[in-house]
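Working notes for the structure below.
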Amino acid sequence: MLLEYPKVNTADPPDKWPRIRNKLIIELAPLDLMPHSVNLFIQQVHHGLWDGNELITNPGHIMTFGYHRVEAHEGFVDKALENVSYQEYSTKYPHVQWTLGYMGRPGGPDFYINMRDNSIAHGPGGQADNYDLHNEADPCFGKVVEGYDMLNDISKIPVDKDHGNEIQYPVVIIRASVLVQHHRRDDSMGGGGGGDRGGGRDNGEWEEVAQGHKYEEGE
């Protein structure tokens, strides 16, 4: 995801903060653990449904991405990609720091990034006060592998605490795209190998898939 956001500094007023662009790279959960949620997110990106949408709220423990525009909502509905069909969850892929989850019941299309370990609050039974289906967890379907410094910068943008911690200055998803890896290492999905936070991700092996186009390896 290519994000555009204001770079907060204390020397200038907010209207003088420069708007910069940076990339956020997300590695999706293993398909044997979260096939439904991963497929939904890939399809949303594949159809360009997240382009132009934005960071909505930042209460501190999560950053929530969604939309304010009516046409954005209609896009998800028209493609039948608005929600998961059920609250898919795997105990092998909990809501630890930097992972992604779907909001709501049923979850989606809004998603959030866990800015801290929320495995209890967003795992089974964690939403008992808010939903009848209190034993079900939020789907956790991916993790950030690049863009930590950007997320920490975005955390400094002021929020309106009287209105649900809404972000006060726009953070926009300029473009989201699917990346595929030609030769994946055995530990690439974060199963314990590799010394970096990307779980063994190799730079230089990834290719962007054009939105709306089928990927054919070797083209």
Side-chain angles (χ1 to χ4, degrees), residues 1 3 24-51 53-67 72-73 75-148 151 164-165 173 176-180 188-192 197-199 201 209:
M1 288 185 170
L3 302 185
L24 182 72
I25 297 183
I26 298 159
E27 188 172 70
L28 297 177
L31 286 175
D32 61 338
L33 298 182
M34 299 294 294
H36 175 46
S37 300
V38 166
N39 179 68
L40 179 68
F41 191 70
I42 289 176
Q43 291 294 329
Q44 291 171 343
V45 173
H46 178 69
H47 289 285
L49 298 179
W50 281 110
D51 295 6
N53 290 318
E54 57 205 303
L55 178 65
I56 302 295
T57 64
N58 180 22
H61 66 297
I62 60 173
M63 286 185 182
T64 304
F65 290 81
Y67 49 80
H73 173 74
F76 285 99
V77 174
D78 289 345
K79 296 292 185 182
L81 296 171
E82 187 177 13
N83 305 108
V84 292
S85 298
Y86 62 97
Q87 296 299 109
E88 183 179 41
Y89 182 75
S90 171
T91 56
K92 296 180 180 179
Y93 207 85
H95 289 270
V96 297
Q97 187 180 28
W98 306 119
T99 54
L100 277 69
Y102 273 126
M103 295 283 291
R105 296 292 187 275
D110 291 7
F111 70 91
Y112 57 85
I113 298 174
N114 288 296
M115 298 301 291
R116 67 185 186 200
D117 188 333
N118 291 312
S119 53
I120 294 178
H122 292 280
Q127 303 293 309
D129 294 335
N130 299 321
Y131 300 101
D132 292 335
L133 302 176
H134 59 273
N135 289 322
E136 296 185 344
D138 293 349
C140 186
F141 61 89
K143 64 179 179 181
V144 174
V145 295
E146 188 172 320
Y148 306 102
L151 293 177
N165 292 292
I173 300 173
S177 56
V178 176
L179 302 179
V180 294
S188 63
M189 288 308 297
R197 287 185 285 185
R201 179 177 175 272
V209 180

Side chains of H73 and Y67 in contact at under 4.5 Å (non-hydrogen atoms): yes
Check: I113 and L24 side chains under 4.5 Å, non-hydrogen atoms: yes
Where N53 and L49 come nearest, the two heavy atoms and their spacing: ND2-O, 2.7 Å
Whether F76 and W50 hold their rings parallel, tilted or perpendicular, with breakpoints at 30° and 60°: perpendicular
Nearest heavy-atom neighbours spanning H47 and L81: CD2-CD1, 3.7 Å
Close side-chain approach of H61 to H122, heavy-atom, < 4.5 Å: yes
Minimum heavy-atom distance between N114 and V96, given as atom pair plus value: CB-O, 3.5 Å
Trace of the side chain to side chain contact (heavy atoms under 4.5 Å, CB included) decision for M1 with F65: CA-CA 12 Å; M1 288 185 170; F65 290 81; 5.7 Å; no
Mutual orientation of the aromatic rings belonging to W98 and Y148 [parallel < 30°, tilted 30-60°, perpendicular > 60°]: perpendicular
Whether H36 side chain and V84 backbone form a donor-acceptor pair below 3.5 Å: no
Main-chain N/O of M63 paired with N58 side-chain donor or acceptor, under 3.5 Å: no
Parallel, tilted or perpendicular: rings of F111 and F141 (30°, 60°): perpendicular
From I25, T99, L100, residue fulfilling side chain to side chain contact (heavy atoms under 4.5 Å, CB included) relative to V144: L100
Whether Y112 and H95 hold their rings parallel, tilted or perpendicular, with breakpoints at 30° and 60°: parallel
Residue pair Y93, K143: steps toward the side chain to side chain contact (heavy atoms under 4.5 Å, CB included) verdict: CA-CA 10 Å; Y93 207 85; K143 64 179 179 181; 3.7 Å; yes
N165 CG to I62 CD1 distance, which is reported to the nearest 0.5 Å: 9.5 Å
D51 side chain to A176 backbone, donor-acceptor under 3.5 Å: yes
Atom pair CD1 (I56) and CD (E54), whose distance is rounded to the nearest 0.5 Å: 4.5 Å
Approximate separation, where rounding is to 0.5 Å, of L40 CG and E82 CD: 10.0 Å
For P139 against S37, the heavy-atom pair lying closest together: CB-OG, 3.5 Å
V209 side chain reached by L179 side chain, heavy atoms, under 4.5 Å: no
M34 side, atom CE; F41 side, atom CZ - distance, nearest 0.5 Å: 12.5 Å
For the student: nearest non-hydrogen atoms of Q87 and P106, plus distance: OE1-CA, 3.2 Å
Heavy-atom pair of closest approach, residues Y89 and P124: CE2-CD, 3.6 Å
